[in-house]
Amino acid sequence: MLYNMKNLLKVANEHHFAVPAFNICSFDMLKSIMEKAEELNSPVILEIHPDEIQYLGDNFVSVVRAYALNSKIPVVIHLDHGGSLYDVTRAIKNGYTSVMIDASTKPFEENIELTKKIVELAHNIDVSVEAELGTIGNNGSSEGGTDEIIYTDPDQAEYFVNETNIDTLAVAIGTSHGLYPKGKKPKLNIELLKEINNRLSIPIVLHGGSGNPDEEVKESILYGVGKVNLSSDLKSAFFNEVRNTLSNNKDLYEPNEIYPIANKKLKEVVEYKLNLLNTTGKAKLYK
Ligand code: 13P
């Protein structure tokens with residue numbers, strides 16, 4: 001079943017769980033994530049970053065849509081960190097059901113103006129819109145962010161959501177994109193999250209979901225987080241296993257001999273995250 005983000009997260013918020021948004025950058029990742037989500041009867045968000053679609057090509061989305069349409073679990077196809085009107089219209093043309101416009105590094109008024117334009121366009125055809133306020137950190141990931149986190153201001157968040165009519169808001173409360181280097185410990189500012197959540201009536205999105213303390217991620221669900229973006233934890237598990245397989249078996253060249261162990265590893269991470277966010281089994285709540 002293909003859902004938009006608004007309808008998917010409405011159920012999640014009512015039943016106190018969050019849905020992971022997994023960045024998919026290859027067919028093996030798509031297939032493994034869908035198989036595990038189906039096995040656990042869990043809703044899932046498949047998200048694709050502009051850099052990823054540039055690599056994969058638009059035809060890849062036809063396969064993603066086929067998976068979603070033929071599945072009995074709810075699936076959202078989401079544009080991660082769209083940076084321009086081009087990114088967003090390309091995604092909508094490809095059949096995504098949800099888009100992010102990330103103008104968080106632009107001046108506040110510009111962020112509002114561009115986001116409003118995207119909302120007007122997308123809502124006409126029932127596509128959901130996520131925007132970002134404040135800027136999350138960056139551990140050297142190509143997904144962006146600033147060296148120093150710019151924490152989301154609750155007053156601005158309330159004003160921004162009222163002005164733009166977005167469906168979900170990505171906030172900066174202490175996370176960073178990418179894997180944390182040794183010695184850098186993330187800390188989620190749960191008090192700030194509570195304050196933001198008190199001002200908003202839409203689901204909150206946690207970007208940079210990899211490498212954070214599980215307890216803090218779990219706690220964030222109590223205070224409005226309905227979507228957790230996860231990329232690095234999955235990709236690193238998958239490609240570390242590909243590296244192992246290839247270095248232990250120097251003569252391998254058949255994909256169906258190289259990838260199965262990495263797919264298994266990836267499925268373990270997907271299962272772990274679905275359990276962590278309390279998503280497992282929740283597909284039954286969607287009619
Ligand atoms: P991680 O790579 O830290 O999981 O972040 C993913 C993300 O936020 C995509 O938008």
Side-chain angles (χ1 to χ4, degrees), residues 4-6 9 21-25 45-62 64-65 76-150 152-153 156-157 159-172 175-178 202-209 227 229-232 235:
N4 70 15
M5 195 70 78
K6 186 177 178 175
L9 296 188
F22 297 124
N23 283 80
I24 46 171
C25 65
I45 300 161
L46 304 172
E47 64 180 12
I48 305 174
H49 187 277
D51 290 350
E52 290 172 324
I53 198 64
Q54 206 50 35
Y55 165 70
L56 293 160
D58 292 328
N59 288 335
F60 181 74
V61 187
S62 310
V64 182
R65 277 183 65 88
V76 169
I77 306 173
H78 175 75
L79 168 68
D80 187 29
H81 291 287
S84 61
L85 192 57
Y86 170 78
D87 286 342
V88 168
T89 44
R90 180 182 185 179
I92 292 175
K93 181 165 173 255
N94 278 335
Y96 294 41
T97 55
S98 173
V99 292
M100 175 182 191
I101 179 69
D102 178 2
S104 62
T105 55
K106 296 194 189 316
F108 186 58
E109 289 305 329
E110 257 181 67
N111 190 354
I112 290 181
E113 203 180 315
L114 180 57
T115 304
K116 262 177 142 166
K117 197 191 263 185
I118 302 295
V119 168
E120 200 178 310
L121 176 88
H123 279 186
N124 264 325
I125 45 169
D126 217 21
V127 168
S128 308
V129 180
E130 173 182 327
E132 178 167 331
L133 203 58
T135 311
I136 77 162
N138 190 357
N139 297 323
S141 158
S142 59
E143 297 203 325
T146 44
D147 290 341
E148 289 296 317
I149 298 169
I150 303 165
T152 305
D153 179 291
Q156 277 196 342
Y159 182 78
F160 185 86
V161 170
N162 288 338
E163 279 293 299
T164 58
N165 196 24
I166 50 171
D167 302 291
T168 52
L169 180 69
V171 296
T175 58
S176 299
H177 281 133
I202 58 169
I204 293 170
V205 180
L206 193 64
H207 278 246
K227 168 177 179 265
N229 283 20
L230 288 153
S231 178
S232 305
K235 290 175 183 164

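Here the structure is a predicted model, which is why all the values come from computation and not from measurement.
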(message) Restricting to side chain to side chain contact (heavy atoms under 4.5 Å, CB included), what partner residues turn up for Asp58, sequence neighbours left out?
(response) Ile53, Arg90, Asn94
(message) Quick check for you: to the nearest 0.5 Å, what is the distance between Asn165 atom CG and His123 atom NE2?
(response) 6.0 Å
(request) Could you tell me which non-hydrogen atom of Gly82 sits nearest to which non-hydrogen atom of Pro50, and how far apart they are? (result) CA-CG, 4.2 Å
(message) Which residue is it: Val129, Val161, Val205? I am looking for the one with a side-chain contact (heavy atoms from CB on, under 4.5 Å) to Thr168.
(response) Val205
(request) Starting at CG of Leu206, measure out to CG of Leu230 and round the result to the nearest 0.5 Å. (result) 8.5 Å
(request) Determine the minimum heavy-atom distance between Leu114 and Ala103, stating which atoms define it. (result) CD2-CB, 4.1 Å
(request) Quickly, which of Val88, Ile48, Val76 forms a side-chain contact (heavy atoms from CB on, under 4.5 Å) with Tyr96? Name it, please. (result) Ile48
(request) Looking only at non-hydrogen atoms, find the nearest pair between Ile112 and Thr164 and report the distance. (result) O-CG2, 3.9 Å
(message) Going by salt bridge (Lys or Arg N to Asp or Glu O under 4.0 Å), name the pairs with one or both residues in residues 117-141, residues two or more places apart or in two chains.
(response) Glu130-Lys227
(message) Side chains of Ile202 and Asp167, heavy atoms from C-beta outward: is any pair under 4.5 Å?
(response) no
(message) Using the salt bridge (charged side-chain N to carboxylate O under 4.0 Å, His left out) criterion, which residues pair with Glu110? Sequence neighbours excluded.
(response) none
(request) With rounding to the nearest 0.5 Å, note down the distance linking NE2 in His49 to CE in Met100. (result) 9.0 Å
(message) Tell me whether the count of non-hydrogen atoms from other residues, nucleotides or ligands lying under 6.0 Å of OH in Tyr55 goes above 12.
(response) no
(message) Tell me the closest heavy-atom pair linking Leu9 and Pro203, and the distance in Å.
(response) CB-CG, 3.8 Å
(request) Could you point out which residue of Glu52, His78, Lys235 forms a side-chain hydrogen bond (donor to acceptor under 3.5 Å, both in side chains) with Asn23? (result) Glu52
(message) The criterion is side-chain hydrogen bond (donor to acceptor under 3.5 Å, both in side chains); which residues satisfy it with Lys6, sequence neighbours excluded?
(response) none
(request) To the nearest 0.5 Å, tell me how far Ser128 OG sits from Leu79 CG. (result) 12.5 Å
(request) With rounding to the nearest 0.5 Å, note down the distance linking CG in Leu85 to CD1 in Ile101. (result) 7.5 Å
(request) Give the minimum heavy-atom separation between Thr152 and Ala157, together with the two atoms involved. (result) CG2-CB, 4.2 Å
(request) Using the test side-chain hydrogen bond (donor to acceptor under 3.5 Å, both in side chains), find all partners of Ser104 that sit at least two apart in sequence or belong to another chain. (result) Asp102
(request) For residues Ala91 and Val99, report the shortest heavy-atom separation together with the two atoms involved. (result) CB-CG1, 4.0 Å
(request) Please identify each residue that fulfils ring pair (Phe, Tyr, Trp, His ring centres under 6.0 Å) with His207, with sequence neighbours left out. (result) His81, His177
(message) If you apply the rule side chain to side chain contact (heavy atoms under 4.5 Å, CB included), what do you find for Leu133 with Val171, and how did you get there?
(response) CA-CA 6 Å; Leu133 203 58; Val171 296; over 6 Å; no
(request) State whether the side chain of Thr97 and the backbone N or O of Ile77 hold a donor-acceptor pair below 3.5 Å, judged by distance alone. (result) yes
